[in-house]
Amino acid sequence: MLRPWKTLFNISFRTDQTLVRQIADVIRKEIIKGRLERGASLPGSRSLAQDIGVNRKTVVFAYESLIAEGWLESRHKSGTFISENLPLIEEIPKRISKPLVSNFNYIHHHPFEVNDRPLDGNMIVFNEGGPDTRLAPLKELSMAYKRVFQRQGKWKLLGYGSEKGDRKLREMISVMLAQDRGLYTNPADIGITRGSQMAIYLAAKVLVRPGDVIAVENPGYYAVRKLFHEAGAVLKAVNADQDGINVDALEELCLQTKIKAVYVTPHHQYPTTVIMKAGRRIRLLELSLQYNFAVIEDDYDHEYHFGTGNNLALASGEKAANVIYISSLSKLIAPAIRVGYITGPKAFMESLINLRVQIDRQGDTILEHAIAELMEDGTMARHARKVVAIYKGRRDVMESCLRDNFGERISFRKPEGGLACWIKFNQKVNFNRYIELLRLKGVQIVPPGSFYLDNQPSDYIRLGYGSLNKEELIQGIKIMSEV
């Protein structure tokens with residue numbers, strides 16, 4: 001028999017978060033603490049809503065969010081239960097005298113100085129999942145620029161600033177990470193970079209000594225593999241499936257060899273778009289502490305999620321002491337706006353910032369300050385809501401076009417987020433010839449062979465839909481089908 005819900009916890013509702021988010025957060029924390037055990041049943045939505053004084057739909061949405069994330073499961077005619085698939089969670093002792101600290105090695109770099117970088121486009125281009133530059137908030141950004149230059153004392157922004165990036169932008173990113181991704185970090189431990197690629201490069205240079213083993217998702221992001229390889233790493237592929245990277249296979253690898261770090265894209269796995277479920281997230285963090293390796297979390301398109309689950313950052317977990325978190329504002333604004341950021345353990349970040357100075361003395365302080373103003377006045381949040389709705393519509397158009405034009409010739413899952421689809425051709429295709437013929441018809445796609453570590457022939461392609469409007473998607477998919 002269920003215990004009354006009020007005896008389990010109390011919710012003190014705040015105004016800075018939605019009721020759905022707050023209820024989901026409390027249930028999630030109770031599971032992590034071990035007070036709600038695997039397989040335990042939860043009160044009905046009507047009962048819980050009455051107990052805590054909210055609308056029943058609010059509880060329903062909170063439950064749906066946690067089901068989508070893998071924390072809960074719904075059983076037909078039985079109710080809602082704590083997921084049986086979660087691992088046994090060992091609660092971190094509360095009476096711990098010193099905080100949990102990172103326990104992986106890294107290369108310590110010292111200060112120095114240097115500089116700069118460019119982009120491309122053509123025809124109907126199905127890219128890897130970039131945004132539509134036509135939707136960029138150029139008017140708002142230009143107005144913010146103008147305000148910066150009209151402000152008293154503006155000359156101060158024209159000199160050398162902090163190598164970590166504009167202070168105000170780091171503060172606004174810290175607030176955004178706390179509110180939207182559950183990640184609480186000190187602005188002093190955030191580094192602004194020229195896009196997330198620079199952040200990954202810096203992390204690799206700080207972490208990797210020649211011969212170090214780096215685990216990467218397979219299929220995965222080819223640019224990261226190249227970057228780590230050139231840093232001297234030995235790459236080991238760990239297969240990804242419908243729930244993200246296979247943590248059992250990762251543990252097997254840890255038993256065979258010492259690994260320095262694992263690179264993951266848990267929010268929308270690249271290139272398959274799948275979401276890493278809660279059980280795997282917890283196990284991955286536990287393994288990082290058990291085997292002393294870093295977890296590089298590349299959260300490259302967090303804003304573009306269309307499902308019910310919020311999927312907080314992996315770095316927000318209670319056992320995330322070894323996580324290095326990387327993300328970007330470039331996909332939200334436009335690729336030409338090279339603003340990425342990275343945060344991680346304090347000592348690691350100090351070394352990384354010292355290295356960053358050697359590559360680039362500082363970023364674009366004026367641009368960073370202007371973006372900070374747009375974040376502060378709510379412009380960026382409004383822009384995000386607007387483009388998420390547009391991209392969700394384009395995702396639906398893409399799905400419809402693919403099914404209507406290709407039918408049984410392809411297989412794919414409708415992505416819950418991101419700006420691309422992962423598509424399997426059910427018949428053998430000569431992709432070199434296919435790409436050549438498509439170009440003659442004015443359509444460009446990404447060559448598929450680079451997603452796997454061994455460059456094995458693949459029947460899959462990643463088709464980005466975000467940068468194309470409805471008419472372009474309809475025309476482009478029709479041509480692809482005909483060719």
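Predicted model only: the values in this text are computed from it and were never measured. For this chain, numbers begin at 1 and follow the sequence in order.
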Flag the pair [X] and [Y] as a salt bridge only when some basic side-chain nitrogen lies within less than 4.0 angstrom of an acidic carboxylate oxygen.
X: Glu368; Y: Lys168; answer: no
X: Lys319; Y: Glu286; answer: yes
X: Lys392; Y: Asp396; answer: no
X: Arg28; Y: Glu69; answer: yes

Under a 3.5 Å threshold, yes or no: a donor from one side chain and an acceptor from the other, between [X] and [Y]?
X: Glu217; Y: Thr265; answer: yes
X: Asn246; Y: Asn239; answer: no
X: Tyr221; Y: Asp298; answer: no
X: Thr185; Y: Thr343; answer: yes
X: Tyr341; Y: Arg170; answer: no
X: His267; Y: Asp299; answer: no
X: Arg382; Y: Thr379; answer: yes
X: Arg413; Y: Thr273; answer: no
X: Glu128; Y: Tyr222; answer: yes

Gap separating the [atom1] atom of [X] from the [atom2] atom of [Y], nearest 0.5 angstrom:
X: Leu235; Y: Leu227; atom1: CG; atom2: CG; answer: 10.0 Å
X: Leu138; Y: Thr133; atom1: CG; atom2: OG1; answer: 8.5 Å
X: Thr272; Y: Phe412; atom1: OG1; atom2: CZ; answer: 14.5 Å
X: Gln179; Y: Ser174; atom1: CD; atom2: OG; answer: 10.0 Å
X: Ile390; Y: Asn469; atom1: CD1; atom2: CG; answer: 10.5 Å
X: Ser330; Y: Asp301; atom1: OG; atom2: CG; answer: 12.5 Å

Using the salt bridge (Lys or Arg N to Asp or Glu O under 4.0 Å) rule, collect all pairs that involve residues 251-277, keeping only residues at least two apart or in two chains.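 Matches after skipping sequence neighbours: Asp212-Lys260, Glu251-Arg283.
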Would His268 and His302 count as a ring-ring contact (aromatic ring centres under 6.0 Å, His included) here? Give the steps. CA-CA 8 Å; His268 302 128; His302 193 99; 7.7 Å; no
Can you name the closest pair of heavy atoms from [X] and [Y] and give their distance?
X: Ala321; Y: Ser102; result: O-CB, 3.6 Å
X: Gly317; Y: Leu285; result: CA-CD1, 4.1 Å
X: Gly70; Y: Leu86; result: O-CD2, 4.0 Å
X: Val234; Y: Gly211; result: CG2-O, 3.8 Å
X: Tyr465; Y: Gly418; result: OH-O, 2.7 Å
X: Cys254; Y: Ile259; result: SG-CD1, 3.9 Å

Hey, is the main chain of [Y] close enough, under 3.5 Å, to the side chain of [X] for a donor-acceptor pair?
X: Arg462; Y: Val446; answer: no
X: Asn322; Y: Asn103; answer: yes
X: Arg181; Y: Ala313; answer: no
X: Glu297; Y: Ala315; answer: yes
X: Gln269; Y: Val274; answer: no
X: Arg395; Y: Pro415; answer: yes
X: Thr18; Y: Arg21; answer: yes

Just so I know, are the side chains of [X] and [Y] near enough to count as touching, which here means a heavy-atom distance under 4.5 Å?
X: Arg356; Y: Met198; result: yes
X: Pro448; Y: Tyr460; result: no
X: Ile296; Y: Leu207; result: yes
X: Leu419; Y: Tyr391; result: yes
X: Ile214; Y: Val208; result: yes
X: Leu314; Y: Leu284; result: yes
X: Leu169; Y: Ile190; result: no
X: Pro187; Y: Arg167; result: yes

Give a yes or no on whether Tyr201 atom OH has more than 12 heavy-atom contacts from other residues, nucleotides or ligands under 6.0 Å away.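 Open: at most 12 neighbouring heavy atoms sit under 6.0 Å from OH of Tyr201.
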Inspect the surroundings of CE in Met176 and state if more than 12 heavy atoms from other residues, nucleotides or ligands are less than 6.0 Å away.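 Atom CE in Met176 is crowded, with more than 12 foreign heavy atoms closer than 6.0 Å.
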Stepwise side chain to side chain contact (heavy atoms under 4.5 Å, CB included) test for Leu332 and Val387: CA-CA 8 Å; Leu332 180 58; Val387 295; 4.3 Å; yes
With side chain to side chain donor-acceptor pair (under 3.5 Å) as the test, would you mind laying out the steps for Tyr263 and Arg225 before giving the verdict? CA-CA 9 Å; Tyr263 170 86; Arg225 295 202 305 267; over 6 Å; no
Using the test side-chain hydrogen bond (donor to acceptor under 3.5 Å, both in side chains), find all partners of Asp132 that sit at least two apart in sequence or belong to another chain.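 For Asp132, the residues satisfying side-chain hydrogen bond (donor to acceptor under 3.5 Å, both in side chains) (neighbours in sequence not counted) are Arg134, Arg394.
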Plane angle bin for Tyr300 and Tyr270 - parallel if under 30°, tilted between 30 and 60°, otherwise perpendicular: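 Tyr270 and Tyr300: perpendicular rings.
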Which label fits Phe348 and Phe104: parallel for a plane angle under 30°, tilted from 30 to 60°, or perpendicular past 60°?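 It falls in the perpendicular class, over 60°.
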Side chain to side chain contact (heavy atoms under 4.5 Å, CB included) between Val295 and Ile324, intermediate numbers included: CA-CA 6 Å; Val295 177; Ile324 298 161; over 6 Å; no
Could you check Trp71 against Tyr63 for ring-ring contact (aromatic ring centres under 6.0 Å, His included), going step by step and ending with a plain yes or no? CA-CA 9 Å; Trp71 293 98; Tyr63 278 7; over 10 Å; no
Decide yes or no on side chain to side chain contact (heavy atoms under 4.5 Å, CB included) for Gln444 and Ile124, but give the supporting numbers first. CA-CA 6 Å; Gln444 183 177 319; Ile124 295 179; over 6 Å; no
Given Arg281, which partner from the list Ile275, Val264, Val247 fulfils the side chain to side chain contact (heavy atoms under 4.5 Å, CB included) test?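 So the option named by the test is Ile275.
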Going through the distances and angles, do Lys205 and Leu352 end up as a side chain to side chain contact (heavy atoms under 4.5 Å, CB included)? CA-CA 8 Å; Lys205 295 297 284 184; Leu352 183 139; over 6 Å; no
